[in-house]
> 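Input: one structure, supplied below.
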Amino acid sequence: LYCSNTNQTTKNNTNASGVNDNQQTHFGFKTVNKEDKESMVKDVFDSVSSSYDLMNDVMSMGIHRLWKDELINTLNPTPGSHLLDVAGGTGDISFRFLDKIKTSPNYFPNINKSNNGGGEVLKSSSLPSSATVFDINQSMLNEGKKRGLNKGYTDQSDPSIDWVQGNSEQLPFKDNTFNCYTVSFGIRNCTNIDQVLREAYRVLKPGGRFLCLEFSQVPNPLLRFAYDQYSFNVIPIMGQLISGDRDSYSYLVESIRKFPDQETFVQMIQDAGFKQVTYKNLTFGICSIHSGFKL
Ligand SMILES: C[S@@+](CC[C@H](N)C(=O)[O-])C[C@H]1O[C@@H](n2cnc3c(N)ncnc32)[C@H](O)[C@@H]1O
C-alpha cells in the first residue's frame with residue numbers, strides 16, 4: 001500500500017497558489033477574496049459534518065484509516081505527550097493518539113481507590129497525556145465530542161481530550177506548550193498556510209514534532225490520470241448521494257490539486273523554522289506525511 005519516498009530538499013519556495021494579488025486566494029479552482037475564504041470553508045464543513053466520517057470511508061474505500069494509523073505510528077507517542085491536533089475535525093487523529101498512549105508499556109492508568117477499610121490509598125499512574133482537538137468549525141467538534149464520549153475520552157479521563165474552536169492561523173495557546181502538533185487533511189483549507197506553519201512552530205516546545213498528513217501530487221502521469229478521473233467524476237457524485245452536497249466535494253477535490261507539491265511544501269515548513277524536514281509518500285503519492293522538528 002505504501003510507496004515510501006523520504007526526501008530532504010533545499011528547493012526554492014515558489015508561489016504554490018499561483019495567485020499574486022495579496023488580496024486574493026484560491027477556493028478550489030475559484031479565485032476569491034482572502035477575507036471570504038474562511039467563511040466559505042466553514043460553510044463546506046458545516047454542510048458535511050454529519051456525514052463526514054461516512055464519506056471518508058466511502059471515498060477512500062477505508063484507506064484513510066491506514067493513512068491516519070501511519071501518521072500516529074510515525075509519531076509513536078509515549079505517556080506524558082501533549083498533542084495539539086489542528087483542524088482536528090471529528091477527532092480521528094486524537095483518538096488514535098490516545099489509543100496509542102494506552103498501549104505503551106509505560107502507561108499505567110490513574111488508579112485512586114481505598115483498599116478494604118484500611119484507609120490506605122493506592123495511587124499508580126503514568127505521566128498525564130492529553131490531546132487538544134482544535135478546529136474552526138464547532139459542528140465538526142460537536143460530532144467529535146459525541147464520538148469521544150462513546151469511547152470514554154473526556155477532559156477528565158486519563159489520557160484526556162479537550163475540544164477548542166478557533167482559527168489555526170491564530171492559535172490561542174502560549175509559546176512552547178505542546179510536544180506534538182498534527183494537522184491531517186486540514187492545512188490545504190487554510191487561507192494563509194505560511195502563517196499556520198509559523199503558529200505551529202510557536203506553540204511547539206523545543207524538541208517538539210510537527211506532522212502533517214495531506215493529499216499530495218501523484219508523480220506518475222498514468223496513475224495521476226486515473227486518480228483525476230475518479231476524483232473529478234466520482235467523488236462529487238458520491239457527495240451528492242451521501243451528503244446531498246455535490247459542490248462541497250467538488251471544492252475538496254479542487255483544493256487538493258491547488259495544494260503545493262511535496263517538495264514545495266518541505267520548503268514552506270523549513271521557512272517556518274522547522275529542522276530535519278522530511279516527507280514520505282503514501283499510496284503512490286495520493287497522500288504524504290511531512291515531518292519537522294522544532295530544535
Ligand atoms: C477534511 S477535515 C479533516 C478533519 C480531521 N483532521 C481528519 O483528518 O479527519 C478539515 C478540517 O479543517 C477544518 N478547518 C478548515 N480551516 C480551518 C482553519 N483555518 N482553522 C482550523 N480548522 C480549520 C475544518 O473545519 C475541518 O474540520
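We count ligands from 1, going down the list as the structure has it; atoms in each ligand are counted the same way. The structure presented is a predicted model; accordingly, all values stated were derived computationally and were not measured.
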> Nearest protein heavy atom to atom 8 (O) of ligand 1, by residue and atom, and its distance?
Ser184 OG, 2.6 Å
> Which of parallel (below 30°), tilted (30 to 60°) and perpendicular (above 60°) describes Phe274 and Tyr201?
perpendicular
> Go through ligand 1 atom by atom and flag the ones less than 4.0 Å from a non-hydrogen atom of Gly166.
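Every atom of ligand 1 under 4.0 Å from some heavy atom of Gly166: 20 (N), 21 (C).
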> Aromatic ring centroids of Tyr279 and Phe265 under 6.0 Å?
no
> Write out the residue and atom name of the closest protein heavy atom to atom 18 (C) of ligand 1, then the distance separating them to 0.1 Å.
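Its nearest protein heavy-atom neighbour is Ser168 OG, 3.5 Å.
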> So if I count the atoms of ligand 1 from 1 in the order they appear, which ones are less than 4.0 Å from some heavy atom of Met140?
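Those qualifying, in numeric order: 27 (O).
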> Does an N or O anywhere in Lys68 fall below 3.5 Å from an N or O of ligand 1?
yes
> Quick one: which ligand 1 atoms are inside 4.0 Å of a heavy atom on Gly88?
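Within the 4.0 Å cut-off of Gly88, ligand 1 contributes 5 (C), 6 (N).
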> Any nitrogen or oxygen of Ala87, side chain or backbone, less than 3.5 Å from one on ligand 1?
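Checking ligand 1 against Ala87, an N or O pair does fall under 3.5 Å apart.
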> Going by the closest heavy atom to atom 22 (N) of ligand 1, which one wins out of Asn192, Ile136, Val196, Asn56?
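Looking at heavy atoms only, the winner is Ile136.
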> What part of Val41, side chain from CB on, backbone N/CA/C/O, both or neither, has a heavy atom under 4.0 Å from ligand 1?
side chain
> Under 30°, 30 to 60°, or over 60°: which ring-plane class applies to Tyr153 and Phe95, parallel, tilted or perpendicular?
parallel
> What pairs with Asp53 under salt bridge (charged side-chain N to carboxylate O under 4.0 Å, His left out), at least two apart in sequence or on another chain?
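By the salt bridge (charged side-chain N to carboxylate O under 4.0 Å, His left out) rule, Asp53 matches Arg147.
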> So, 4.0 Å and heavy atoms of Ser49: is ligand 1 close enough to count as a contact?
no
> What residue and atom, counting heavy atoms only, is the protein's closest point to atom 10 (C) of ligand 1, and at what distance?
Phe185 O, 3.3 Å
> Are Phe284 and Tyr227 an aromatic pair by the rule of ring centers under 6.0 Å?
no
> Count the heavy atoms of every other residue, nucleotide or ligand shown that sit under 6.0 Å from NZ of Lys205, and state whether that count exceeds 12.
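For Lys205, atom NZ is crowded (more than 12 foreign heavy atoms under 6.0 Å).
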> Which heavy atom of the protein is the closest neighbour of atom 3 (C) of ligand 1, given with residue, atom name and distance?
Tyr52 OH, 3.1 Å
> Could you check atom 13 (C) of ligand 1 against the protein and tell me its nearest heavy-atom contact, residue, atom and distance included?
Asp135 OD2, 3.3 Å
> Which residue supplies the protein heavy atom nearest to atom 19 (N) of ligand 1, what is that atom called, and how far is it?
Asn167 OD1, 3.0 Å
> Clusters formed by hydrophobic residues whose side-chain heavy atoms approach within less than 4.5 Å: which one holds Ile136, and what are its other members?
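Same cluster as Ile136: nobody, lone residue.
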> Check this for me, if you would: do Glu254 and Arg257 make a salt bridge, where the nitrogen-to-carboxylate-oxygen distance has to be below 4.0 angstrom?
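Salt bridge: no.
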> Are more than 12 heavy atoms, taken from residues, nucleotides or ligands other than Gln229, located less than 6.0 Å from that residue's CD atom?
yes
